[in-house]
S.K.: 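This is the structure, below, for whatever I ask next.
Every value quoted in this text rests on a predicted model; they were computed, and no experiment measured them. When reading the values below, keep in mind they use all heavy atoms of this one structure, side chains included, and skip hydrogens, waters and symmetry mates. Reminder, nothing fancy here: chain letters follow the sequence lines and each chain counts from 1.
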Amino acid sequence: MNWQSDANEKFTAFAPTLERWYQRHKRDLPWRHTRDPYRIWLSEIILQQTRVAQGRPYYERFVEAFPTVADMARAEERELLRLWQGLGYYSRARNLHQTARYIADDLGGQFPDTYTKLLKLKGIGVYTAAAIASFAFGERVPVVDGNVYRVLARVFGIAEDITTTGARKTFAALAMRLIAFAEDPAEYNQAIMEFGAIQCTPVSPDCLLCPLQQQCRAFLTGQQHKLPVKAKKAPVKQRFFNYLVFRNGNQLAMRARTAKDIWLQLYDFYLIETDEPTEALRDLVVPTASESLVQTGAPARFPETGQQLLSHQRIDAKFWLIDVPDTQKNGLPEGLQWYTPEEIGRLPKPVLITAYLQQKFG
DNA sequence: AAAGCGGGGTT
DNA sequence: AACCCAGCTTT
């Protein structure tokens, strides 16, 4: 037996081995009971950069609220964002809505059914296009997600930095070769991701019970913990948010965020961002538009504080509650509107804002 | 090619 | 505190 047939055996056996492993170990997940492309699409968007355990309840609520793509198309974007609240990466919800309307209105409700066509849709990149094409339509195209990078890097001993374009091409090409030997492309794609999620885990992979143990370059050389190689992320940026929470009776002044920034189209309060933390309200430079509101109101002496840690930013927030008399209530700065508690409950809001409302007003 | 975008779980 | 998650879009 020469090295070439060894290598060949490793390629041909890889997919069938994982497919057999999957038969025995797969979890029972709701989106595995359907071939409806709409539901598979919905599940895949929810699961982008999101763990199954976190995304699952959102999937259940979305299917309940919008059983078909037509139902989703009829809804307002705000309703989707409200249901998406707390899941993060809100552009996913906005793109979901846009694409639902496009499919319902321009494609007559007919879901695009090939990898190439799916890739043109908003919010669908190479991973998601491959996932829908294989799961819903049986197309033989490989998914390459974080799990797949890890499994392939280890089994084939690939030490390229997976954040680079060159490495992405390497892995995509390898994945393409491997799926050729799968009995069922959809099953195989599920299998390799499931394998990465519960067997070939980032930390402490279960190598002792691994069906690929004797083919795994990383195991055979003791390099499991060093693969895959991934460049370090940029340090988190510190930001200071100073919120003026205008109140009139039981109503609060809120607005949808419009900056190309975090939380686009989510609702918060009148915001003054500063480069340094602000200790007292008098230290804050208040724009003319809201000066009189602050002066005629009755601001609390000390603000409530809040923090939110995102993967790329750390936000320290202070909230000054300011009671606005009836005589001033029509003088809100541009964009702000009064909302009752019931209305506020239906607005999509960042976790930071929801936490403040909960803490302050129950 | 690099940066920006959320939030939560795990170690 | 660091890492990671069924990634995509914009610059």
S.K.: Between A/K230 and A/L119, which residue's closest nucleotide on DNA chain C lies nearer the 5′ terminus?
M.R.: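 Going by which nucleotide is closer to the 5' end, it is A/K230.
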
S.K.: In whole angstrom, give the distance that lies between atom CG of A/L87 and atom C1' of B/dG8.
M.R.: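 Result: 10 Å.
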
S.K.: Can you tell me how far P in B/dT11 sits from the matching atom in C/dA6, rounded to whole Å?
M.R.: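 Going atom to atom, P in each nucleotide, I get 14 Å.
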
S.K.: When you match A/Q54 and A/L121 each to their closest nucleotide on DNA chain C, which lands nearer the 5' end?
M.R.: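 The residue mapped nearer the 5' terminus is A/Q54.
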
S.K.: Specify the separation, in whole Å, of atom CG of A/L266 and atom P of B/dG7.
M.R.: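 Checked: the CG to P distance equals 8 Å.
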
S.K.: Round to a whole Å and report the spacing from CG of A/L264 to P of B/dC5.
M.R.: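 After rounding, the reported distance stands at 11 Å.
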
S.K.: OP1 or OP2 of C/dC3 sitting under 4.0 Å from any side-chain N/O of A/K232?
M.R.: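 Answer is yes, contact under 4.0 Å.
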
S.K.: By a strict heavy-atom criterion of less than 4.0 Å, which residues belonging to residues 170-192 of chain A are in contact with DNA chain C?
M.R.: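 Those residues whose heavy atoms fall under 4.0 Å from DNA chain C, taken from residues 170-192 of chain A in numerical order, are A/Q190.
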
S.K.: Determine the sole option in A/R27, A/R24, A/K26 for which the salt bridge (charged side-chain N to carboxylate O under 4.0 Å, His left out) test with A/E194 is passed.
M.R.: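 When A/R27, A/R24, A/K26 are each tested with A/E194, the salt bridge (charged side-chain N to carboxylate O under 4.0 Å, His left out) holds only for A/R27.
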
S.K.: Counting any heavy atom closer than 4.0 Å, what does A/I45 reach on the DNA or RNA strands: base, sugar-phosphate only, or nothing?
M.R.: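 If one applies the 4.0 Å heavy-atom cut-off, A/I45 turns out to touch nothing in the nucleic acid.
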
S.K.: Classify A/W84 by what it touches in the nucleic acid, base, sugar-phosphate, or nothing, heavy-atom distance under 4.0 Å.
M.R.: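 No contact.
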
S.K.: Measure from OH on A/Y89 to C1' on B/dG4 and round the result to the nearest Å.
M.R.: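 Rounded to the whole Å, the gap is 8 Å.
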
S.K.: Toward the 5' end of DNA chain B, which comes first, A/W263 or A/S204, by nearest nucleotide?
M.R.: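 Comparing both residues, the 5'-ward one is A/W263.
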
S.K.: Answer with yes or no whether A/T128 presents, from its side chain, a donor or acceptor under 3.5 Å of a partner atom in the base of C/dG7.
M.R.: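 In this structure, the two groups form no donor-acceptor pair.
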
S.K.: For B/dC5, take OP1 and OP2 only and decide whether either is under 4.0 Å from a side-chain N or O of A/H312.
M.R.: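 Checking B/dC5 against A/H312, a side-chain N or O does come within under 4.0 Å of OP1 or OP2.
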
S.K.: Hey, does A/V52 reach any base, or is it just sugar-phosphate, or nothing, if we go heavy atoms under 4.0 Å?
M.R.: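 Result for A/V52 = sugar-phosphate.
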
S.K.: Can you get from A/Y90 to A/I344 by hopping between Ile, Leu, Val, Met, Phe, Trp and Tyr side chains that sit under 4.5 Å apart?
M.R.: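 Cluster IDs for A/Y90 and A/I344 match.
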
S.K.: Would you kindly give the CG-to-C1' distance between A/D206 and B/dT10, to the nearest whole Å?
M.R.: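 Interatomic distance, CG of A/D206 to C1' of B/dT10: 17 Å.
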
S.K.: For the CZ atom on A/R217, are there more than 12 heavy atoms of other groups (residues, nucleotides or ligands in this structure) within a distance under 6.0 Å?
M.R.: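 It does not: A/R217 CZ has 12 such atoms or fewer within range.
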
S.K.: Can you tell me if A/Q251 and A/E343 form a side-chain donor-acceptor pair at under 3.5 Å?
M.R.: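 The criterion, which ignores hydrogens and geometry beyond distance, is not satisfied for A/E343 and A/Q251.
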
S.K.: Using the C1' atom in both, what is the distance from C/dC3 to B/dG6, to the nearest Å?
M.R.: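 Looking at atom C1' only, C/dC3 and B/dG6 are 15 Å apart.
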
S.K.: So, is A/R92 close to the B/dG6 phosphate, meaning a side-chain N or O under 4.0 Å from OP1 or OP2?
M.R.: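 The answer is no; no side-chain N or O of A/R92 sits under 4.0 Å from OP1 or OP2.
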
S.K.: Could you state the atom-to-atom distance from NZ of A/K233 to P of B/dG6 in whole Å?
M.R.: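 Computing the A/K233:NZ to B/dG6:P distance gives 14 Å.
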
S.K.: Pick base, sugar-phosphate or nothing for A/V143, based on heavy-atom distances below 4.0 Å to the nucleic acid.
M.R.: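 If one applies the 4.0 Å heavy-atom cut-off, A/V143 turns out to touch nothing in the nucleic acid.
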
S.K.: Give the nucleotide from the list B/dT11, C/dA6, C/dC8 with an atom nearest to the side chain of A/V126.
M.R.: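 Ranking B/dT11, C/dA6, C/dC8 by closest atom to the A/V126 side chain puts C/dC8 first.
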
S.K.: Would you call the rings of A/Y243 and A/F319 parallel, tilted or perpendicular, taking 30° and 60° as the class edges?
M.R.: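 Answer is parallel, since the angle falls under 30°.
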
S.K.: Between A/L310 (CG) and B/dG7 (P), how many Å, whole number?
M.R.: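 It works out to 6 Å between those atoms.
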
S.K.: Taking the six-membered ring of A/F156 as reference, does the NZ or CZ atom of A/K10 fall below 6.0 Å from its centre and within a 45° cone about the axis?
M.R.: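 Yes, A/K10 lies over the aromatic ring of A/F156.
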
S.K.: Would you indicate which nucleotide in B/dG4, C/dA6, B/dG7 comes nearest to any side-chain atom of A/R32?
M.R.: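 From the listed options, C/dA6 comes nearest.
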
S.K.: For a 4.5 angstrom cut-off between non-hydrogen side-chain atoms, does A/T99 reach A/W41?
M.R.: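 Contact flag for A/T99/A/W41 side chains = yes.
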
S.K.: Report the nucleotide, chosen from C/dC4, B/dG6, C/dA6, that has the shortest atom-to-atom distance to any side-chain atom of A/D145.
M.R.: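 From the listed options, C/dA6 comes nearest.
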
S.K.: Whole angstroms only, please: what is the CG-P distance between A/N147 and C/dC3?
M.R.: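 These atoms are roughly 18 Å apart.
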
S.K.: Select one nucleotide: of C/dA6, B/dG7, B/dG4, the one nearest the side-chain heavy atoms of A/P350.
M.R.: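 The answer is B/dG7.
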
S.K.: Considering only B/dG6, C/dA6, C/dC4, which nucleotide approaches the side chain of A/T50 most closely?
M.R.: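 Closest of the options to the side chain of A/T50: B/dG6.
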
S.K.: Among B/dC5, C/dC4, C/dT10, which is the nearest nucleotide to the side chain of A/R51?
M.R.: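 That would be C/dC4.
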
S.K.: Which nucleotide in the set C/dA6, B/dC5, C/dC5 lies at the smallest distance from any side-chain heavy atom of A/D261?
M.R.: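 In terms of side-chain proximity for A/D261, the closest of C/dA6, B/dC5, C/dC5 is B/dC5.
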
S.K.: Between A/Y58 and A/R61, is there a cation-pi geometry (under 6.0 Å to ring centre, at most 45° from the normal)?
M.R.: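 Satisfied, under 6.0 Å and within 45°.
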
S.K.: In Å, rounded to the nearest 0.5 Å, how long is the span from CG of A/L152 to OG1 of A/T170?
M.R.: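 Atom-to-atom, A/L152:CG and A/T170:OG1 are 11.0 Å apart.
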
S.K.: Looking at A/Q49, does any N or O in its side chain come under 4.0 Å of the phosphate oxygens OP1/OP2 on B/dG7?
M.R.: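 No, no such contact exists.
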
S.K.: Could you tell me whether the phosphate oxygens of C/dG7, OP1 or OP2, come under 4.0 Å of any side-chain nitrogen or oxygen in A/Y149?
M.R.: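 For C/dG7, OP1/OP2 do not have a side-chain N/O of A/Y149 under 4.0 Å.
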
S.K.: So what does A/R150 hit on the nucleic acid, given a heavy-atom distance under 4.0 Å: a base, only sugar-phosphate, or nothing?
M.R.: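 Since only primed, P, OP1 and OP2 atoms lie under 4.0 Å of A/R150, the category is sugar-phosphate.
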
S.K.: Give a yes or no on whether the backbone of A/Y115 and the side-chain of A/E139 come within a donor-acceptor separation of less than 3.5 Å.
M.R.: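 Confirmed, A/E139 side chain pairs with A/Y115 backbone.
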
